[in-house]
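Report on one structure; see the data block that follows.
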Amino acid sequence: MDKGVLYICYDRERQEAKVPYLDELKRSILSLRDAGCDLPITIYTDDLVKEEDVQGLGNVSVIVKEYISSTYPNELRIEVHNRGWTVSKLYCFKDLPYDATIFTDTDTHFLEDPSCLISEDVDLAICREVFYINSWINKGKSRSERIKIMTNELTRRFNTGFFVARKTKAFNALIDKAIEIAKEEGIKQDQLPINLAFSFIGDITVKILSQQWNTRGQFGKSIKNPKMIHQRE
């Protein structure tokens, strides 16, 4: 089975407040290598990343994907984290570079090798999204509202910034449905359409990973022996 790691790094010209994606990317790759991961790495980009940017990082390929620019919304995204739109990532997920792909955002720091998470028994291995439980989204909410939010987050939402996927019909169907939902509802991110798509795809086999593999925000302080830290510096 062909195995490797995928990063998606784009958005150079579209943001008023720039996020240092390229610097994050290199730090994340170095942490992977330091953790003992020797898998090949592929970077999908809109030309933000050049081959010379990743020289010396060991078996890293840079591939320009034209659909990143063509699927990117023609409007500025203004939000608390100063990020651009992420809906173009859905088209990258439909075009995985390996039979088994470890996808990770650029703002990740690995403490252990994620290669051990690859399995032929599941279509997708992914962590729950728990970052928002203790974050700004709950400020000013009543106790009952907070409990409702926490329940929804814990049982229904996955974090799509790190996962392991096999190039199967079930995974492709999930991404196809996510793209369809994003188009129909005008959603410009990747995580919400993917989470909504699970309601329509019944034959996908999903393994829920320990939150050690997606340690985030204030919640992360309670995680013992984290294996990956996922947050912007």
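FYI, the numbering just counts along the sequence from 1.
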Practice problem: Mind listing the closest non-hydrogen atom pair of Pro114 and Phe162 along with its distance? | Solution: CB-CZ, 4.1 Å
Quiz item: Any side-chain heavy atom of Lys227 within less than 4.5 Å of one from Trp213?
Solution: yes
Practice problem: Could you tell me which residues satisfy ring-ring contact (aromatic ring centres under 6.0 Å, His included) with Tyr98, sequence neighbours excluded, listed by chain and number? | Solution: none
Practice problem: Would you confirm whether Thr86, through its side chain, and Asp190, through its main-chain N or O, come within 3.5 Å as a donor-acceptor pair? | Solution: yes
Quiz item: What residues form a side-chain contact (heavy atoms from CB on, under 4.5 Å) with Asp99, not counting sequence neighbours?
Solution: Met1, Asp2
Practice problem: Answer yes or no: is there a donor N or O on one side and an acceptor on the other, between the side chain of Ser88 and the main chain of Ile68, under 3.5 Å? | Solution: yes
Quiz item: With no hydrogens and no angle check, is any side-chain donor or acceptor of Asp46 less than 3.5 Å from a backbone partner on Ser69?
Solution: no
Quiz prompt | Under 3.5 Å donor-acceptor, Asn172 side chain and Lys169 backbone | solution = no
Quiz item: So, Glu180 and Lys177, do they make that salt bridge, N to O below 4.0 Å?
Solution: yes
Practice problem: State whether the side chain of Asp113 and the backbone N or O of Ser115 hold a donor-acceptor pair below 3.5 Å, judged by distance alone. | Solution: yes
Quiz item: Taking the side chain as C-beta and beyond, is there a heavy-atom pair between Val62 and Val54 under 4.5 Å?
Solution: yes
Exercise. Please check if Ile41 and Leu48 belong to a single hydrophobic cluster, counting links between Ile, Leu, Val, Met, Phe, Trp and Tyr side chain heavy atoms closer than 4.5 Å.
Key: yes
Practice problem: Determine, stepwise, if the pair Phe158 / Phe198 fulfils ring pair (Phe, Tyr, Trp, His ring centres under 6.0 Å). | Solution: CA-CA 10 Å; Phe158 295 107; Phe198 277 104; 5.1 Å; yes
Quiz item: Taking Glu112 for the side chain and Met228 for the main chain, is one N or O donor matched with an acceptor at less than 3.5 Å?
Solution: no
Quiz item: Would the number of heavy atoms belonging to other residues, nucleotides or ligands and lying under 6.0 Å from CD of Glu120 be above 12?
Solution: no
Quiz prompt | The single option from Ile187, Leu174, Val87 passing side chain to side chain contact (heavy atoms under 4.5 Å, CB included) against Pro193 | solution = Ile187
Exercise. Answer whether the closest heavy-atom distance between the side chains of Val64 and Glu66 falls below 4.5 Å.
Key: yes
Quiz item: Any idea which heavy atoms bring Gly161 and His230 closest together, and the distance?
Solution: CA-CE1, 3.8 Å
Quiz item: Can you find a pair of side-chain heavy atoms, one from Tyr21 and one from Val49, that are under 4.5 Å apart?
Solution: no
Quiz item: Would you say the side-chain atoms of Arg33 pair up with the backbone N or O of Leu57, donor to acceptor, closer than 3.5 Å?
Solution: yes
Quiz item: More than 12 non-hydrogen atoms from neighbouring residues, nucleotides or ligands closer than 6.0 Å to NZ on Lys188, yes or no?
Solution: yes
Quiz item: Any donor-acceptor pair under 3.5 Å linking the side chain of Thr101 with the backbone of Val5?
Solution: no
Exercise. May I ask you to say whether Asp95 pairs ionically with Lys65, meaning some side-chain N is under 4.0 Å from a carboxylate O?
Key: yes
Exercise. Tell me whether Tyr67 is reachable from Ile194 by hopping between hydrophobic residues (I, L, V, M, F, W, Y) whose side-chain heavy atoms are closer than 4.5 Å.
Key: yes
Practice problem: Measure the shortest side-chain to side-chain distance between Asn225 and Gln212 over non-hydrogen atoms and say whether it is less than 4.5 angstrom. | Solution: yes
Quiz item: Going by atom types only, do Thr42 and Ser61 share a side-chain donor-acceptor pair under 3.5 Å?
Solution: no
Exercise. Would you please classify the geometry between the Phe93 ring and the Phe163 ring as parallel, tilted or perpendicular, with 30° and 60° separating the classes?
Key: perpendicular
Quiz item: Honestly curious: do Val122 and Ile102 fall in one hydrophobic cluster under the side-chain, below-4.5 Å linking rule?
Solution: no
Quiz item: Are the side chains of Arg157 and Arg128 in touch, meaning some heavy atoms are under 4.5 Å apart?
Solution: no
Quiz item: In terms of hydrophobic clusters joined by side-chain contacts under 4.5 Å, are Ile223 and Leu111 together?
Solution: no
Quiz item: Would a distance-only check, ignoring hydrogens and angles, find a side-chain to backbone donor-acceptor pair under 3.5 Å from Thr108 to Thr104?
Solution: no
